[in-house]
A.B. asks: 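Sending over a structure as C-alpha cells; questions will come in a sec.
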Amino acid sequence: MPELPEVETARRYVHSNLLHSKVVRVEVLDPLMLERCSPKDLQDGLQGKENVGTGRHGKNLFVLFQDGALHLHLGMSGSISFHDDMDHHRPHERLRLMMENGVMILDDPRRFGRFGWVRSMDDLVASKGLGPDALSVPKEEFVRRLEGRKGSIKSTLMNQRIIAGLGNLYVDEILFQESLHPRTPLPDVPHASICGLWRSTRSVLEASIEVGTDFERLPRGYLLRQRGRGSPCPRCGSRLEAALVGGRTSVFCPECQRNCLEG
DNA sequence: GAGTATGTTATATG
DNA sequence: GCATATAACATACT
C-alpha cells in the first residue's frame, strides 16, 4: 500500500481516528520490525500519552505525542486500520495501539515495514538523510537537487535521499506524463522537462490522494489505471512495454516515451 | 519450482 | 562521493 499518496491517505485516516485520544496499551507483535528501539522504549514513549497530531515526510508516517512520535514505514505491504472493537484482529498484525476509543492495527504480511519511537520527525529525516518531501518541495529546490546528476531519471527520482516519497509506480506515471523514457540519463533531460517533472510530480500525487489512491478513479490519460505490459497506452493506443531500470520493472509507452538514445 | 511484487539497505565494482 | 548491479530481508500469489 505504500508510496507517498497511500501514506498520506493513511495519515488522514489515522488523524481522524486518533486525534486527542490517549494510548491505553501498546502491543508489539513483531519485534523484528522495530527500528532502533526496544519494545519498552516504544511502550514508555506511548503509554498514557495523548495524540496531538500526525505528520508525514515522503513515505514515512508519524503519530505525534507531546515529547516524541511513533514512526511508521509501511514497506511493501503494510496497512493501517482502526476499529472501535478493541478485540478486532487482522491476519498479519504486527503492532496494536490500544486507544481509549478503539484499536489501531499495523498489518503487514511481508514484514518489510518498520516502526519505532523517535524524538521528532526531523530527527528521523536527518538520520535517514532523506531529501525534501516530494509534495511540498519548491520547484527551484527540486531542479537544484536533480541537476548535476548523471544517473537515469528513474533511478534518481526513486532515490529517497534526493526527493522523498516517490516509488516505482508513481515514477512510471510521472515519466509517462512528461513523455520521458525511464532510462533517459539526467544530462539528456532538457531544463524545461525537469520543470515539467516537478509539475507532474505534484499533479500526479495530488490526483491520487484526491481519489483515495483508487487507481480506477484517476482521470483518463493516467498510466496507473491500466499499468501492465501489453495494455494499451492511454494516449496513443500502442502496447505498453516493460523494462528493467535501476533493478525495478518499469512500464512505459514505446511510442510516447522514445526519447532515450539507447532505446 | 519459477517468477513477480507499491521498499530499503548492505556490499561489491568501476 | 557517485553510479550500477546484486543480494538480502519475509511473504503471498500466479
Side-chain angles (χ1 to χ4, degrees), chain A residues 1-11 29-36 56-61 71-80 90-95 106-116 124-125 127-131 133-135 145-176 182-189 201 204-205 207-209 211-216 218 222-231 240-252 260 262:
Chain A
M1 186 201 165
E3 289 182 47
L4 190 153
E6 287 78 10
V7 177
E8 175 60 18
T9 300
R11 185 195 67 76
L29 303 167
D30 188 354
L32 195 129
M33 289 173 58
L34 267 173
E35 195 163 58
R36 282 183 301 219
R56 181 191 58 72
H57 186 102
K59 303 171 191 172
N60 296 276
L61 174 58
H71 165 236
L72 296 160
H73 192 293
L74 301 178
M76 289 274 264
S77 57
S79 64
I80 291 170
R90 306 235 58 195
H92 307 286
E93 52 185 24
R94 310 298 179 191
L95 173 69
L106 169 64
D107 190 84
D108 187 356
R110 289 180 65 182
R111 304 168 74 199
F112 281 161
R114 293 292 178 263
F115 54 83
L124 188 281
V125 170
S127 78
K128 300 261 177 191
L130 297 176
D133 181 74
L135 198 52
R145 293 185 73 87
L146 292 193
E147 65 190 7
R149 301 248 154 212
K150 302 278 192 262
S152 74
I153 184 63
K154 170 137 186 182
S155 305
T156 305
L157 288 174
M158 292 215 336
N159 185 340
Q160 304 299 300
R161 301 176 73 100
I162 299 175
I163 300 288
L166 304 177
N168 198 30
L169 267 45
Y170 286 95
V171 167
D172 277 0
E173 180 66 59
I174 291 160
L175 293 175
F176 174 72
R183 207 145 15 208
T184 313
L186 239 306
D188 292 356
V189 181
T201 295
V204 166
L205 298 178
S208 180
I209 292 168
V211 299
T213 73
D214 178 354
F215 294 165
E216 292 179 7
L218 285 169
Y222 269 73
L223 192 69
L224 286 171
R225 288 170 40 135
Q226 278 261 307
R227 181 185 183 272
R229 80 182 74 194
S231 297
L240 298 179
E241 289 182 6
L244 225 50
V245 182
R248 309 300 300 274
T249 298
S250 306
V251 175
F252 62 97
C260 185
E262 292 99 311

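Not measured: the values here are computed from a predicted model. Just so we're on the same page: letters track the sequence lines, and every chain starts at 1.
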A.B. asks: Counting the atoms with a prime plus P, OP1 and OP2 as sugar-phosphate, which does A/Arg114 contact under 4.0 Å by heavy atoms, base, sugar-phosphate, or nothing?
C.D. replies: nothing
A.B. asks: For Watson-Crick and G-U wobble pairs within 3.5 Å on both distances, what is DNA chain B written in dot-bracket notation, | included for inter-strand pairing?
C.D. replies: .||||.||||||||
A.B. asks: What's the NZ-P distance between A/Lys150 and C/dG1, to the nearest Å?
C.D. replies: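 From A/Lys150 NZ to C/dG1 P: 17 Å.
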A.B. asks: Taking the P atom in each of C/dA3 and B/dT6, what is the distance between them to the nearest angstrom?
C.D. replies: 23 Å
A.B. asks: Can you check the A/Leu146 CG to C/dA3 P distance for me, whole Å?
C.D. replies: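 Going from A/Leu146 (CG) to C/dA3 (P), I get 11 Å.
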A.B. asks: Would you say the side chain of A/Pro187 lies within less than 4.5 Å of the side chain of A/Lys150, judging by non-hydrogen atoms?
C.D. replies: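 A/Lys150 reaches A/Pro187 side chain to side chain.
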A.B. asks: Rounded off to whole Å, could you give me the CG-to-P distance for the A/Asn159 and C/dA5 pair?
C.D. replies: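 My rounded result for the distance is 15 Å.
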A.B. asks: Quick one, A/Leu240 and A/Leu223 - any side-chain contact, counting heavy atoms below 4.5 Å?
C.D. replies: yes
A.B. asks: Given side-chain contact (heavy atoms from CB on, under 4.5 Å), test A/Leu205 with A/Leu166 step by step and report yes or no.
C.D. replies: CA-CA 9 Å; A/Leu205 298 178; A/Leu166 304 177; 4.0 Å; yes
A.B. asks: Please figure out whether A/Gly247 or A/Gly148 has its closest DNA chain C nucleotide nearer the 5' end.
C.D. replies: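 Taking each residue's closest nucleotide, the earlier one in sequence belongs to A/Gly148.
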A.B. asks: What does the B/S/- profile of nucleotides 3-14 of chain B look like, 5' to 3', with a 4.0 Å heavy-atom cutoff to protein?
C.D. replies: --BBBBS-----
A.B. asks: Could you tell me whether the side chain of A/Thr249 reaches within less than 4.5 Å of the side chain of A/Asp172, counting heavy atoms only?
C.D. replies: no
A.B. asks: Does A/His92 have a side-chain nitrogen or oxygen under 4.0 Å from the phosphate oxygens OP1 or OP2 of C/dA12?
C.D. replies: yes
A.B. asks: Check for a donor-acceptor pair, side chain of A/Arg36 on one end and backbone N or O of A/Gly116 on the other, with a separation under 3.5 Å.
C.D. replies: no
A.B. asks: Side-chain contact test, heavy atoms from C-beta onward, threshold under 4.5 Å: evaluate it for A/Leu169 versus A/Phe215 and give yes or no.
C.D. replies: yes
A.B. asks: CG of A/Asp107 versus P of C/dT11: gap in Å, rounded?
C.D. replies: 13 Å
A.B. asks: If you draw a 6.0 Å radius around CD in A/Glu93, do more than 12 non-hydrogen atoms from other residues or ligands fall strictly inside?
C.D. replies: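 Yes, because the 6.0 Å sphere around CD of A/Glu93 holds more than 12 heavy atoms from other groups.
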A.B. asks: Expressed as a whole number of Å, how far does the P atom of C/dT6 sit from that of B/dG3?
C.D. replies: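 My reading of the P atoms in C/dT6 and B/dG3 gives 14 Å.
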A.B. asks: What is the separation between atom CZ on A/Arg111 and atom P on C/dA8, rounded to the nearest whole Å?
C.D. replies: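 The answer, rounded to whole Å, is 18 Å.
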A.B. asks: Could you tell me how far apart A/Asp108 (CG) and C/dT11 (P) are, to the nearest whole angstrom?
C.D. replies: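 My rounded result for the distance is 10 Å.
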A.B. asks: Between A/Leu74 and A/Asp108, is any pair of side-chain heavy atoms under 4.5 Å apart?
C.D. replies: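 Of all side-chain heavy-atom pairs linking A/Asp108 with A/Leu74, none is under 4.5 Å.
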A.B. asks: Does A/Thr9 reach the side chain of A/Glu6, with side-chain heavy atoms less than 4.5 Å apart?
C.D. replies: no
